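These notes are about the structure you will find just below.
Owing to the predicted nature of the structure, the values given are computational and were not obtained by experimental measurement. Note on naming: letters A, B, ... go to the chains in the order of the sequence lines (proteins, then strands), and numbering restarts at 1 for each one.
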Number of protein chains: 2
Amino acid sequence: MENIFTDEYFMKKALQEAQVAFDKGEIPVGAVVVIDNRVIARTHNLTEMLNDVTAHAEMQAITSSANFLGGKYLKDCTLYVTLEPCQMCAGALYWSQISKIVFGARDEQRGFMVMGTQLHPKTIVVSGVMENECAALMKEFFAKRRK
Amino acid sequence: MENIFTDEYFMKKALQEAQVAFDKGEIPVGAVVVIDNRVIARTHNLTEMLNDVTAHAEMQAITSSANFLGGKYLKDCTLYVTLEPCQMCAGALYWSQISKIVFGARDEQRGFMVMGTQLHPKTIVVSGVMENECAALMKEFFAKRRK
């Protein structure tokens, strides 16, 4: 039997969260955290609504997952996020010791890769999952905002 | 007339916050945010109590200050923190565009300087204010924990 729980399957859920952010006028980034094929957190960027630069989707996902698990380390968890994490989020993911990070679109300006932020040595990174869809939503948002 | 509002004056307040963390069994890091010589946020590390790797003193200080100011940018604000910020906190401070960061003790392992995290180009950094007192509290905490 085919496994339906692919990276694309969960990235679609992150993209749904990004769409919710988009509809609220937030930079459209969404995230889900998964353990044993079960979604334990769904979050989206809320920096405008909360007036808080720390309210990125990933930060909320980490806090929410830790709350669900009753412990602060996200071992055996995978974060799906539509955009490459920034320094802050990568730094938080470092502390969380998360097992795997899957992201969609690259952030060539502020992403952790170009910024040189270090992840935990145990963390696996997969990039480019549904990259075009994730990037398209961002482009649409900024095109709309410029008008 | 002598200005009482020196960096040491505010670092003492951050150190008081670190002591509160110490007394709770948290890694003793404290922070205050100051604007026009007025303290607008006082926070301390709560990662153990909240089971949340993102609950560093600085992260709470940023959220709390933005809430006080009613805006997410911390222009004209100074953060006093007893320990050099980590990648996550420096990344958050980058987004906040804070004017000045004053820290006490260096963190040679996980501090943003050794990790290469970038701050906002507008942010001024002052280090080593009450360094010995800040470092002594950390040493006391870890010595006690090893017992």
Side-chain angles (χ1 to χ4, degrees), chain A residues 26-27 29 31 33 41 43 45-75 77 79 84-98 107 109-121 123, chain B residues 26-27 29 31 33 41 43 45-75 77 79 84-98 107 109-121 123:
Chain A
E26 300 279 355
I27 294 178
V29 182
V33 175
T43 56
N45 179 37
L46 283 174
T47 49
E48 293 304 316
M49 184 178 286
L50 298 180
N51 253 332
D52 186 348
V53 297
T54 76
H56 284 191
E58 300 95 313
M59 300 302 284
Q60 298 174 66
I62 293 167
T63 299
S64 181
S65 302
N67 192 40
F68 178 87
L69 295 169
K72 64 185 193 294
Y73 297 115
L74 305 185
K75 290 170 186 173
C77 289
L79 171 77
E84 180 184 343
C86 72
Q87 297 187 116
M88 168 181 71
C89 294
L93 290 162
Y94 171 97
W95 290 122
S96 80
Q97 301 184 22
I98 197 161
D107 183 348
Q109 264 77 52
R110 309 285 175 85
F112 77 95
M113 288 179 153
V114 69
M115 298 297 254
T117 316
Q118 291 177 52
L119 295 176
H120 195 276
T123 305
Chain B
E26 300 278 356
I27 294 176
V29 181
V33 175
T43 55
N45 178 38
L46 282 174
T47 49
E48 293 303 318
M49 184 179 286
L50 298 180
N51 254 333
D52 186 349
V53 297
T54 76
H56 283 191
E58 301 95 313
M59 300 301 286
Q60 298 174 65
I62 292 166
T63 299
S64 182
S65 301
N67 192 41
F68 178 88
L69 296 169
K72 65 185 194 291
Y73 298 115
L74 306 185
K75 290 169 186 175
C77 289
L79 170 77
E84 180 185 343
C86 71
Q87 297 187 116
M88 168 181 71
C89 294
L93 290 161
Y94 171 96
W95 290 122
S96 80
Q97 302 184 24
I98 197 162
D107 182 348
Q109 264 78 51
R110 310 286 175 84
F112 78 94
M113 290 180 152
V114 70
M115 298 297 255
T117 317
Q118 291 178 51
L119 295 176
H120 195 276
T123 306

Output yes when a side-chain donor or acceptor of A/Gln87 lies under 3.5 Å from a complementary backbone atom of A/Thr117, and no otherwise.
no
Taking the side chain as every heavy atom from C-beta outward, state whether A/Ile98 and A/His120 have any atom pair closer than 4.5 Å.
no
Are the side chains of B/Thr123 and B/Leu93 in contact, using a 4.5 Å heavy-atom criterion?
no
In terms of heavy-atom pairs under 4.5 Å with chain A, the winner among B/Ala92, B/Gly116, B/Gly70, B/Ala55 is B/Ala92
Pairs of heavy atoms under 4.5 Å with chain A: top-ranked of B/Asn67, B/Ile62, B/Asn51
B/Asn51
Could you tell me whether the side chain of A/Glu58 and the main chain of A/Ala31 form a donor-acceptor pair under 3.5 Å?
no
Using non-hydrogen atoms and a 4.5 Å limit, figure out which bit of A/Phe112 sits close to chain B: side chain, backbone, both or neither.
neither
Which one of A/Lys72, A/His56, A/Met59 has the most heavy-atom pairs closer than 4.5 Å to chain B?
A/Lys72
